[in-house]
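Below is one structure; the comments refer to it alone.
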Amino acid sequence: MAPAAGGAAALRPSASPAIPVAMKRFTGQDRSITDKWRPATLAVRGGTARSDFGETSEAIFMTSGYAYDSAGEAAARFRGERPGMTYSRLQNPTTEMLEKRIALLEGAEAARATTTGMAAMSAALLCQLSAGDHLVAGRSLFGSCRVLVDSILPRFGIETTTVDARDTDAWAKARRPNTKAFFLETPSNPGLEVSDLRAIADIGHDAGACIVVDNAFASPIVQRPMEHGADVVAYSATKLMDGQGRVLAGAVASSEQWMNDVYLAFARHTGPNLSPFNAWVVLKSLETLDLRVRRSCENALKVATFLESRIPRCLYPGLASHPQHALAMQQMAMGGTIIALFLDGGREQAHALLDGLELIDISNNLGDSRTLMTHPASTTHYSVSAEVRDQMGITEGMLRLSIGLEDPQDLIDDLDQALRRAGL
Ligand SMILES: *Cc1c(COP(=O)(O)O)cnc(C)c1O
């Protein structure tokens, strides 16, 4: 009987089985193809691998282990003689797709995804530093990075010196014979200090140091530190990469050699790697990374332009009034998504402004599609000493504004009314 053209017959299961083959083939992408793609394309398609099902959206492989066809196959994989996965602390197909995509976006040979940004920062430093080694770090770092440098690394006999990262000579003076790494953030959190990556990298390389850059504030759409001499780029992917305030994640990108010989020698056995589910969430987010980051940067420039005319002092790398504006525009494709506001009325006025907001959320996260505002001195940088906050330019009247994807005029209207409520 000929198949009916419609009706109930069309709903009958087809003769061919729904699951035609086991998922055996899992092919990655050829670098000779992806090397031709531009960032917006890489953000959507970079690193995608498809199973025999030909799924368009990346699959989530929620598995901790892998089964082998034979004992010999298992042994060969452990010896590294045959390709294939052995355990999800070491490899996972979904996480690997994310890692390949981040590496391609960063222009790096290799990347590894981590559970959080702090896992990325701590692993990127601990994997290469030993007791007796010396680290030079920019003094304006994300709060937990500062705790890592000031309090945690010294517990393991790693000496640290912090410098004003904008002062190139200070990096040169801080070098010692045992200096193994430089660590910095540009633009910095939350003071938006911009440092000269190329000059600092050259100084570090002269001393044989590895240059590690925390690029969470910029994302690879705004800044690719390896193009300016960085050896290792570390991310909080919680921020712009997920960008929708859903998961914590991080990443470390570098050369293949450093990844294998230095990072993985540490990370394979300490286990900071990202779960496949969270990797999948970030993979989905990266599809819109280029769109989101561009739009947020455009919004930020509009809001910063308004704030500049409305309050005594604000900082945004995309404004000509930023002290390192020229350098910022040399290293960065856009001004970024973060603005710092400085109010003369101290903590009281800063808190009053936050409490007057109707649209913008009071939140210490950043890089979200929602615009978020925080008072660093009482939140993100609460755990660093008042003296260190002072050095970092974190005053009691400072607020950090992370611009999202809302209509910029609504953001401006909300800030305007909240400023009035705070007496400005
Ligand atoms: C948020 C952040 C981190 C830490 O990332 P988590 O994902 O919260 O662990 C590190 N550096 C910078 C610049 C950040 O903004």
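Just follow the structure's listing: the first ligand is 1, and inside any ligand the first atom is 1. Keep in mind it's a predicted model, so treat the numbers as computed, not measured.
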Does an N or O from Met118, backbone or side chain, lie closer than 3.5 Å to an N or O of ligand 1? yes

Is the closest N or O pair between Glu185 and ligand 1 shorter than 3.5 Å? no

Specify the protein heavy atom at minimum distance from atom 7 (O) of ligand 1: its residue, its atom name, and the distance to 0.1 Å. Thr238 OG1, 2.6 Å

Protein residue, atom and distance nearest to atom 6 (P) of ligand 1, heavy-atom basis: Gly117 N, 3.3 Å

Against the six-membered ring of Tyr316, is Lys302 placed for a cation-pi contact (under 6.0 Å from the centre, within 45° of the normal)? no

From atom 5 (O) of ligand 1, work out which of Ala216, Ser188, Ser236 has a heavy atom at the shortest distance. Ser236

Looking only at side-chain N and O atoms, does Asn189 offer a donor or acceptor that is under 3.5 Å from a partner on Glu185? no

Heavy-atom side-chain proximity of Ile360 to Glu406 below 4.5 angstrom: no

Any donor-acceptor N or O pair under 3.5 Å, side chains Ser383, Arg146: no

Side chains of Thr161 and His134: do they bring a donor and an acceptor to under 3.5 Å? yes

Test side chain to side chain contact (heavy atoms under 4.5 Å, CB included) applied to Glu159 and Asp133, Leu135, Leu129, Asn178, the passing residue: Asn178

Please state which protein non-hydrogen atom is closest to atom 4 (C) of ligand 1 and give its distance, to 0.1 Å? Phe142 CE2, 3.3 Å

re atom 14 (C) of ligand 1, the protein heavy-atom contact at minimum distance is Lys239 NZ, 3.0 Å

Atom 12 (C) of ligand 1: nearest protein contact (heavy atom, Å): Asp214 OD2, 3.4 Å

Which of the atoms of ligand 1 are close to Thr116, meaning less than 4.0 Å from one of its heavy atoms? 7 (O), 9 (O)

Do the rings of His375 and His351 sit parallel, tilted or perpendicular, given the 30° and 60° boundaries? perpendicular

